[in-house]
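Naming: A, B, ... by sequence-line order, numbering from 1 per chain.
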There are 2 protein chains.
Amino acid sequence: MPDFLFDKKLYYNPVEFAMDRIGGTWKMPILWRLKDRVMRYGELKKDIPHITHKMLTSQLRELEAEGFIDRKVYPVVPPKVEYSITERGLSAIPIIETIRNYGLQLMEEFNVNENH
Amino acid sequence: MPDFLFDKKLYYNPVEFAMDRIGGTWKMPILWRLKDRVMRYGELKKDIPHITHKMLTSQLRELEAEGFIDRKVYPVVPPKVEYSITERGLSAIPIIETIRNYGLQLMEEFNVNENH
DNA sequence: CTGGATCCGATTTGATACTG
DNA sequence: CAGTATCAAATCGGATCCAG
């Protein structure tokens, strides 16, 4: 597998390409929440623990720019913006589930419990 | 899914936990190469394009510390060190394949070809 | 041959202030 | 309510040097 360029960045393999699209700390949590319903900005902000305003905004912009989510602005005051998942975003859901299940398996192996 | 601590770091979900173990730019390429044979440090270095000495060393250390690979040192001069995959490392291979296939699918959708 | 340590620039992220 | 801009802190990664 040779290197390839996308959006001015050099990639070394398909795994790296995929993780650049839907990886990082926040993109999967966002897609996961949008998988079966439309959500407003404020809802996402409340629903995703620890995410900062800046990170939520930037990650939503990237997901939108690459076609994983749609953004619908209602011209009202105060502003209302709804985010929804696209076909492309939906196709990522099974991958997220696979990684999530693997993570749960690893957590057992490492004796990680959710009570600290 | 509540937060949990592991190795002094706070995690928000199982996906994040999994990707901290086998994610990043280099861990999957390393595991992938070790999946069906033992390799020496220099072999890995030659075989993984672009990886630097520092990154290869640090990623091998982390994978070893968390039980994904074994490190065998031969007491000879000059030094000879062999890296091999463990059971835990092998269990990551199907996940890597899944992500890889998804990456290839995305690359088609984005019209990424490997000739730049 | 393998690998540790250090320096330093680049990138990422959090906090904060401001806007329509 | 949703979003942008700015600055500072933290993290990451590359280059380089030294060592057994």
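Ring centers of A:Y11 and B:H50: at least 6.0 Å apart, outside the cut-off.
Where B:T57 and A:W26 meet DNA chain C, the nucleotide closest to each residue was compared, and B:T57 sits on the side nearer the 5' end.
Between B:I48 atom CD1 and C:dT2 atom C1' the separation is 15 Å, expressed in whole Å. Residue B:M55 contributes atom CE, which lies 14 Å from atom C1' of C:dT11 at whole-angstrom precision. Taking atom NZ of B:K72 as the reference point, atom P of C:dG3 lies 15 Å away to the nearest angstrom. We find that OH of B:Y12 is positioned 11 Å from C1' of C:dT13, with the value rounded to whole Å. Straight-line distance from the CD atom of B:E82 to the P atom of C:dC1: 15 Å, rounded to whole Å. Rounded to whole Å, atom P of C:dC1 lies 15 Å from atom CE of B:M39. Between A:L60 atom CG and C:dT13 atom P the separation is 14 Å, expressed in whole Å. When rounded to the nearest whole Å, the span between NZ of B:K45 and C1' of C:dG3 equals 13 Å.
In this model, the phosphate group of C:dT2 is approached by a side-chain N or O of B:R40 to a distance below 4.0 Å at OP1 or OP2. Taking only side-chain nitrogens and oxygens, B:R61 comes nearer than 4.0 Å to OP1 or OP2 of C:dG4.
The side-chain tip of A:R33 does not point at the ring of A:Y83 from less than 6.0 angstrom away and within 45° of straight on.
Put simply, the side chain of A:N13 gets close to the backbone of A:V15: a donor and an acceptor are under 3.5 Å apart. Looking only at distances, no side-chain donor or acceptor of A:R21 sits under 3.5 Å from a matching main-chain atom of A:F68.
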Inset, instruction - Tell me, with the steps shown, if B:I93 and B:I85 meet side-chain contact (heavy atoms from CB on, under 4.5 Å). - result: CA-CA 10 Å; B:I93 297 297; B:I85 201 163; 4.1 Å; yes

Legend entry - Derivation and outcome, salt bridge (charged side-chain N to carboxylate O under 4.0 Å, His left out), residues B:R37 and B:E43: CA-CA 11 Å; B:R37 72 185 185 99; B:E43 284 184 286; 3.2 Å; yes

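In the helix from C:dC1-D:dG20 to C:dG20-D:dC1, the end axes, each obtained as the rotation axis mapping the C1' atoms of four pairs onto the next four within a five-pair block, lie 30° apart to the nearest 10 degrees.
To the nearest 0.5 Å, atom CD of residue A:E64 and atom OG1 of residue A:T86 are 10.5 Å apart. How far NZ of A:K35 is from OG of A:S84: 15.0 Å, rounded to the nearest 0.5 Å. Interatomic distance, CD of B:Q105 versus CD1 of A:I95, reported as 7.5 Å (0.5 Å rounding). From B:L63, atom CG reaches atom CG of B:L31 across 5.0 Å, with rounding to the nearest 0.5 Å. A distance of 10.5 Å separates CD1 of A:I96 from CZ of A:R100, quoted to the nearest 0.5 Å.
Within 4.0 Å of A:Y74, counting heavy atoms only, lies no atom of the nucleic acid at all.
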Legend entry - Base versus backbone protein contacts along nucleotides 15-20 of chain C [heavy-atom cut-off under 4.0 Å; B, S, -]: B----B

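Residue A:Y41 is tested with A:K46, A:H53, A:E82 for a side-chain hydrogen bond (donor to acceptor under 3.5 Å, both in side chains); the sole match is A:H53.
A nucleotide of DNA chain D counts as in contact with chain B when one of its atoms lies under 4.0 Å from a heavy atom; the first and last such, 5' to 3', are D:dG13 to D:dG20.
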